[in-house]
Amino acid sequence: MPGRALWDVLGIGASSVDHVYRVPSAPAIDGPTSKMRISGHAVSCGGQTATALCACSAMGLRTAYLGAVGSDDNGRRVREAMRSHGVDLAHAVVRTGANQYAVIVVDDTTGERIVLWDRDERLKLRPEDITAAVIRSARVVHVDDVDEEAAILAATIAKDAGVPTTTDLDRVTDRTEALIAAVTVPIFAEHVPAALTGESDPERALRKIRASHAGLLCVTLGARGAMLLDADELIHEPAIPVTAVDTTGAGDVFRAGFIVAMLRGDPPREMLRFANAAAAASCRRAGAIDGVPSLAEVTALAQSPR
């Protein structure tokens, strides 16, 4: 690609305003935790792509956002959160309507969370919002699976321009396989490979996906770390143990760590280790964007004894 790219990472996907409620333990329909007093409440910003970009910025990369945000107070709040982290919003699309929001319930004991969300349909990012020149101005394009047709088009343009793409794949639809085929590095949430292949074992699932995708294949495994298939070599890196305050956004920050390490040219195992460290560091603070770690913090965790 001629010249110097405008950004290290262009993110295409969702942003959100999160209403986070902390409770003493995980809710259950039956039993003593079916009704609990809230132990804490905060409003913060997140969303898969917005959080990943803010984390990339915090770790020293130049970032830009191409996504649709609402014209309401929530939309202004999330734009300000991204702007304050250094994300270029020149190509963000502001639409009349309500921004995506989420209600997140966090277990005080474990830091694990449940996410309930809603989004105005007018916020859908459309293929006509994707500009080829903008795609070609990044070293890496990162997409989520919220607006799949726009993500597939962006990844296809990036592939034609020789720009690698990473993903946040969190669900399975009739367009998931097309999105996987379009991107360079699919990064799956833990449940997705099994849903795609019928294989409950993550290694067998990744090897089955290998039949239709020749690139790096990655799956996050929560407390068990992450797994990467590099050609025929399977790499598993365990999670880095930390005392979790809030796991919200950990998967998004994992992807940011992966991108940072990939752009540095780290070997695959070290890429996975660094991404795990980024996710672990984010769990030590509350909030998605509020919890993004610095490069120094992630590096220290990545270099801690195995």
Side-chain angles (χ1 to χ4, degrees), residues 4-5 7-11 44-46 48-65 81-82 84-88 111 138-142 164-168 184-185 187-189 216-230 233-306:
R4 183 172 185 260
W7 314 291
D8 296 310
V9 190
L10 172 68
S44 61
C45 294
Q48 297 99 302
T49 293
T51 302
L53 286 175
C54 288
C56 284
S57 288
M59 289 186 274
L61 298 185
R62 296 165 296 139
T63 63
Y65 179 66
M82 285 191 280
S84 70
H85 280 79
V87 179
D88 185 340
R139 295 173 66 200
V140 170
V141 172
H142 178 69
T165 51
T166 55
T167 60
D168 187 335
T184 312
V185 185
I187 304 178
F188 303 98
L216 295 174
L217 300 174
C218 183
V219 59
T220 58
L221 301 172
R224 294 181 291 139
M227 190 175 285
L228 182 70
L229 189 61
D230 176 19
E233 181 187 5
L234 186 81
I235 301 168
H236 175 244
E237 273 291 315
I240 297 174
V242 294
T243 300
V245 172
D246 183 358
T247 61
T248 305
D252 311 325
V253 178
F254 174 95
R255 286 157 176 80
F258 192 100
I259 291 167
V260 170
M262 184 175 74
L263 285 174
R264 286 193 311 222
D266 290 4
R269 182 175 294 279
E270 297 310 312
M271 287 166 54
L272 210 55
R273 172 76 175 178
F274 190 83
N276 277 346
S282 76
C283 292
R284 300 197 293 196
R285 288 189 291 273
I289 290 177
D290 287 346
V292 300
S294 67
L295 179 62
E297 185 180 1
V298 177
T299 300
L301 272 180
Q303 294 175 349
S304 61
R306 279 176 162 83

Enquirer: Main chain of A5, side chain of R62: is a donor-acceptor contact present, judged purely on distance under 3.5 Å?
Expert: yes
Enquirer: Would you indicate whether the side-chain heavy atoms of V140 and T166 approach each other to under 4.5 Å?
Expert: yes
Enquirer: Specify the closest pair of heavy atoms between A138 and L10, including all atoms of both residues, with the distance to one decimal.
Expert: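 Nearest pair, atom of A138 first, then L10: CB-CB, 3.7 Å.
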Enquirer: For T248 and A288, indicate whether the former's side chain and the latter's backbone hold a donor-acceptor pair under 3.5 Å.
Expert: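 No; judged by distance alone, with no hydrogens or angles, the pair does not exist.
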Enquirer: Starting at CD1 of I240, measure out to OG of S304 and round the result to the nearest 0.5 Å.
Expert: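 Answer for the CD1-OG pair, I240 versus S304, is 5.0 Å.
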Enquirer: What heavy-atom pair brings P268 and L228 nearest, and what distance separates the two atoms?
Expert: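 Looking at all heavy atoms of both residues, the closest pair is CB-CD2, 3.6 Å.
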Enquirer: Roughly how far apart are L234 CG and M227 CE, rounded to 0.5 Å?
Expert: 5.0 Å
Enquirer: Backbone N or O of V245 within a donor-acceptor pair of the R285 side chain at under 3.5 Å?
Expert: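 Checked: no pair found.
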Enquirer: Just by distance, do the side chain of R255 and the backbone of T167 share a donor-acceptor pair under 3.5 Å?
Expert: yes
Enquirer: Drop me the distance from I289's CD1 to S84's OG, to the nearest 0.5 angstrom.
Expert: 8.0 Å
Enquirer: Hey, are the side chains of H142 and D168 touching, using non-hydrogen atoms and a 4.5 Å cut-off?
Expert: yes
Enquirer: On a heavy-atom basis, which atom in P293 and which in V298 lie closest, and how many Å separate them?
Expert: CG-CG2, 3.5 Å
Enquirer: Could you walk me through whether T220 and F258 satisfy the side-chain contact (heavy atoms from CB on, under 4.5 Å) test, starting with their C-alpha distance in whole Å, then the side-chain angles of each, then the deciding distance to 0.1 Å, before giving a yes or no?
Expert: CA-CA 11 Å; T220 58; F258 192 100; over 6 Å; no
Enquirer: Just so I know, are the side chains of C54 and V87 near enough to count as touching, which here means a heavy-atom distance under 4.5 Å?
Expert: yes
Enquirer: As an exercise, state the distance from CD of E270 to CD1 of I235, rounded to the nearest 0.5 Å.
Expert: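 Taking CD in E270 and CD1 in I235, the distance rounds to 9.5 Å.
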Enquirer: Where the side chain of T247 meets the backbone of A250, is there a donor-acceptor pair that is under 3.5 Å apart?
Expert: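 Side chain of T247 to backbone of A250, a donor-acceptor pair under 3.5 Å: no, none is there.
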Enquirer: Flag the pair M271 / L216 as yes when at least one side-chain heavy-atom distance between them is below 4.5 Å, and no otherwise.
Expert: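 The answer is yes, as the side chains (C-beta and beyond) meet within the 4.5 Å cut-off.
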Enquirer: Under 4.5 Å between any side-chain heavy atoms of L301 and R284, yes or no?
Expert: yes
Enquirer: Is there a side-chain contact between W7 and C56 in this structure, where contact means two heavy atoms from C-beta onward sitting under 4.5 Å apart?
Expert: no
Enquirer: Heavy-atom distance under 4.5 Å between the side chains of V185 and P164, does that happen here?
Expert: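 Side chain of V185 against side chain of P164, heavy atoms only: no contact under 4.5 Å found.
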Enquirer: Between H85 and L53, is there a donor-acceptor pair closer than 3.5 Å when you use the side chain of the first and the backbone of the second?
Expert: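 Judged by distance alone, no pair lies under 3.5 Å.
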Enquirer: Using 0.5 Å steps for rounding, measure from the CZ atom of F188 to the CG atom of L221.
Expert: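 Between atom CZ of F188 and atom CG of L221 there are 12.0 Å.
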Enquirer: Got a donor-acceptor contact below 3.5 angstrom from the N276 side chain to the E237 backbone?
Expert: yes
Enquirer: Looking at every heavy atom in both H236 and A226, which two are closest together, and how far apart are they?
Expert: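 H236 and A226 have their closest heavy atoms at CD2-O, 3.2 Å.
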Enquirer: If you round to the nearest 0.5 Å, how far is CZ of F274 from CD1 of I259?
Expert: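 Reported value, rounded in 0.5 Å steps: 11.5 Å.
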